[in-house]
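What follows is a set of notes on a single structure, which appears directly below.
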Amino acid sequence: MAIPSRALPRETLSLRATLCAAALLVAPLVAAAPTEAADADAGAKPASPTVAKPASPTAAKPASPNATATHAIAMHGTPALPPGFAHFPYVNPQAPRGGRLMLGATGTFDSLNPFIIKGVTPPGIRGNVYESLLARARHEPFTLYGLIARSIEVAPDRSAVTFNLNPKAAFSDGTPLTADDVIFSHALLRDRGRPFHRSYYAKVVRAEKLSRHRVRFAFADGRDREMVLIMGLMPILPRHVWQGKNFTETTLDAPIGSGPYVVDQARVDPGRNIVYKRNPRYWARDLPVNRGRFNVDEIHYRFFLDAAPLFDDFRLGNIDFRIENDPLKWAEGYNFAAVREGRVIRRTVPLRVPAGMNALVFNTRRAPFNDVNVRRALIALFDFEWINATLYSGLYTRSGSFFSRSALSSRGKPATPAERALLAPFKDALAASILDGSARLPVSDGSGRDRAFLRRGFTMLRKAGYAPRDGVMVNTRTGTPLTFEFLARSKAQARLMLAYARTLERLGIKANIRRVDSAQYWSRLTKFDFDMIQWGWRASLSPGNEQLNRWTSEAASREGSLNYAGARSPAVDAMIDALLAAQGAEDFRTAVRAYDRALLSGDYVIPLFHLKGQWVAHWDRLAFPKAPTLWGYGLDTAWRTDLAN
């Protein structure tokens, strides 16, 4: 996970600033996880979360009369690996253990609690320190295998799930992990966690402790079929640490979890370093889901003001690994001795998951973006061909879907009868060209001076009620100039917007680019205090409950949600319900494609671009298994090749 940029001076960038292509840094395809502002009552000492009372001994029964214990669960279909499997297929179970992994990140951090809306946390906390009941297999779209829970029992209609905990499970301080911790974690995150935690875990209507190592969660019904897996991915926190404490406040105290690493308290230095050390007492080291993983003894993160010094440190050998998102740097920046000599290895790794949506986001809560016709005109004026060639060496592919690079995308495909049936109640909200698959984003000649391209955008503005007056595009009814502010958190975002603003300026549209420090940026996003931002929503082969926090009408008015566009669409809401309720793989694909069409019809964003693969560079002292995951390389499967030295 990327870290927001460290505090930088606020500045207003001139639209006429020179575009220095050789120095451009592309913004990451996926934006950093948000650090939202605290709830209004966060400063008050919270009441202890409501914890379910233990059930009577007679209640220790399966989740339903027909539920049977199983080692794994798949969202659709059946798990690929049988009971008793030895290890995941994308690891090296004989990988040597030891050494340290040096990584870099831009920005800083001021908290070690990743589950609250206050503060910025460093990368690695969630995956290295905390564990979930089940572990995700990264070679399958969405399948979970036993971790803290060694087996699960699922009601046939998925209206309830029982987790049977491993009696060996323990936190890093040696305290056993029991059903009390699971029940406590659910209540704490439901009441005091991030908005998406609260949304997910509120769907549990009953949480029962059946025994010391047995927990049951029941839902109102089984319509949201993903909730069984969502509960399996719930992080488990120690009750003995957090009970009676103010969970909503930031802290730099080393957290207690049940994961493979602990934070080295002596080497926590916000803005500079954080170090994770292997827990020598890690209880789950030899479980099948962990064999061949977590091979290094220490993971060091060094923090940098921006991307340039971070890359320099990698080039000097002080950082072991990087994923490159800058096409210009990938094309021209790796011409140094270690690459030529084979000591730094570059690879393009295939990605088999959707690219997600990296976009310029309209805040439709505000004028002028509350007018869909203005949004459509501005989408038509984004000159991708020229920007891609000028800033990114032509190496990006235009995104035309929220699920580009996958079979879940609706782009270029006519809606099937099943999709049309789902969308029928909302036909008036769907663009005909998106339904029949003929919709295309405008294409320019790439010169940056395509007059036909500009004329199309100008014609759309006229239809939206705008016209030029003394060189300024104004609303013909009110005389209000067409202007907006772009909120940037990095040089890369600002430079991308400068390129776009160059085109807009030719039609008398003014885009003011405001770059703010990290804290102010996240605070403003939390409150939806912006006109336009650049944002990226990740995508998987199994989109589900995370979409509630991104695009539902309810999330549009909830501060801290990821519905930055302010979308309020009954069609979008209904399609999210449909994909959550889908039982078979084909029904699921139908619902996701219909959902994609509903989002695209809303014109909430200006789609940007994605890479066809994952660009990876690492020093030869680091090795990886031959088989990558669906998501490319995972650092948890790497090992050192120079341990003898």
Side-chain angles (χ1 to χ4, degrees), residues 2 21-26 28-29 87-106 123-124 138-139 273 275-276 278 292-304 306-353 392-397 610-645:
L24 290 180
L25 297 172
V26 64
L29 288 181
H87 55 80
F88 285 142
Y90 52 83
V91 305
N92 174 10
Q94 280 78 48
R97 294 188 174 226
R100 65 181 184 179
L101 176 64
M102 299 296 297
L103 301 173
T106 57
R138 292 183 296 176
H139 67 297
N273 303 284
V275 177
Y276 302 96
R278 183 198 302 282
R293 301 174 64 204
F294 312 121
N295 299 310
V296 297
D297 288 338
E298 292 187 346
I299 303 171
H300 292 224
Y301 277 94
R302 299 184 64 193
F303 291 82
F304 298 83
D306 57 42
L310 190 159
F311 180 76
D312 289 341
D313 225 39
F314 170 77
R315 184 173 53 81
L316 292 172
N318 298 323
I319 293 174
D320 294 319
F321 173 93
R322 65 183 278 112
I323 293 176
E324 186 59 73
N325 287 320
D326 181 352
L328 188 62
K329 189 176 292 295
W330 187 251
E332 302 177 4
Y334 286 80
N335 185 24
F336 52 91
V339 175
R340 294 191 296 270
E341 295 164 4
R343 292 181 292 127
V344 167
I345 299 166
R346 295 203 306 161
R347 292 192 175 99
T348 300
V349 183
L351 293 173
R352 292 175 287 162
V353 292
Y392 309 130
S393 301
L395 295 177
Y396 272 130
T397 298
H610 62 271
L611 299 174
K612 294 181 179 179
Q614 183 186 57
W615 292 332
V616 170
H618 63 88
W619 285 80
D620 61 357
R621 55 182 173 261
L622 202 63
F624 293 85
K626 293 182 179 179
T629 71
L630 294 175
W631 287 268
Y633 277 164
L635 283 172
D636 60 322
T637 65
W639 66 91
R640 300 282 302 206
T641 62
D642 58 351
L643 296 179
N645 299 327

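When reading the values below, keep in mind they use all heavy atoms of this one structure, side chains included, and skip hydrogens, waters and symmetry mates. We're numbering straight along the sequence, starting at 1.
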| task | Under the salt bridge (charged side-chain N to carboxylate O under 4.0 Å, His left out) rule, collect the residues that match up with Asp297, sequence neighbours excluded. | result | Arg278
| said: I'd like to know if Asp320 pairs up with Arg640 as an ion pair, taking the criterion as any Lys NZ or Arg NE/NH1/NH2 lying under 4.0 Å from an Asp or Glu carboxylate oxygen. | reply: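 Salt bridge: yes.
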| query | With the threshold set at 4.0 Å, does a side-chain nitrogen-carboxylate oxygen contact exist between Arg343 and Asp620? | reply | no
Using the six-membered ring wherever Trp is involved, compare the ring planes of [X] and [Y] and label them parallel, tilted or perpendicular (cut-offs 30° and 60°).
| X | Y | answer |
| --- | --- | --- |
| Phe624 | Tyr633 | parallel |
| Tyr396 | Tyr392 | perpendicular |
| Tyr90 | His139 | tilted |
| Tyr301 | Phe303 | tilted |

Which heavy atom of [X] sits nearest a heavy atom of [Y], and at what distance?
| X | Y | answer |
| --- | --- | --- |
| Met102 | Asn318 | CB-O, 3.4 Å |
| Pro628 | Val349 | CB-CG1, 3.8 Å |
| Ala627 | Pro89 | CB-O, 4.1 Å |
| Leu328 | Ser393 | CD1-OG, 3.2 Å |
| Asp306 | Pro309 | OD1-CD, 2.6 Å |
| Asn295 | Ala638 | ND2-O, 3.0 Å |

Value rounded to 0.5 Å, distance of [atom1] in [X] from [atom2] in [Y]:
| X | Y | atom1 | atom2 | result |
| --- | --- | --- | --- | --- |
| Gln614 | Ile323 | CD | CD1 | 4.0 Å |
| Gln94 | Trp639 | CD | CH2 | 10.0 Å |
| Arg352 | Leu630 | CZ | CG | 4.5 Å |
| Ile319 | Leu101 | CD1 | CG | 10.5 Å |
| Phe336 | Asp312 | CZ | CG | 10.0 Å |

| said: For the residue pair Arg347 / His618, report whether a side-chain donor-acceptor contact shorter than 3.5 Å exists. | reply: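 Yes - a donor-acceptor pair under 3.5 Å links their side chains.
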| message | For Gly613, is there any backbone N or O sitting under 3.5 Å from a side-chain donor or acceptor partner on Thr348? | response |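 Side chain of Thr348 to backbone of Gly613, a donor-acceptor pair under 3.5 Å: no, none is there.
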| Intermediate values then yes/no, side chain to side chain contact (heavy atoms under 4.5 Å, CB included), Phe321 and Trp619 | CA-CA 7 Å; Phe321 173 93; Trp619 285 80; over 6 Å; no
Taking the side chain as everything from C-beta on, heavy atoms only, tell me whether [X] gets closer than 4.5 Å to [Y].
| X | Y | answer |
| --- | --- | --- |
| Arg346 | Val616 | no |
| Arg322 | Leu310 | yes |
| Phe304 | Asp313 | yes |
| Leu611 | Thr397 | no |
| Trp615 | Leu395 | yes |
| Leu103 | Leu635 | yes |
| Val296 | Arg100 | no |
| Asn92 | Lys626 | no |

| Chi angles and distances behind the side chain to side chain contact (heavy atoms under 4.5 Å, CB included) call for Asp636, Arg138 | CA-CA 12 Å; Asp636 60 322; Arg138 292 183 296 176; 2.6 Å; yes
| Which is it for Tyr334 and Glu324 under the side chain to side chain contact (heavy atoms under 4.5 Å, CB included) test, yes or no, and what are the steps along the way? | CA-CA 11 Å; Tyr334 286 80; Glu324 186 59 73; 2.6 Å; yes
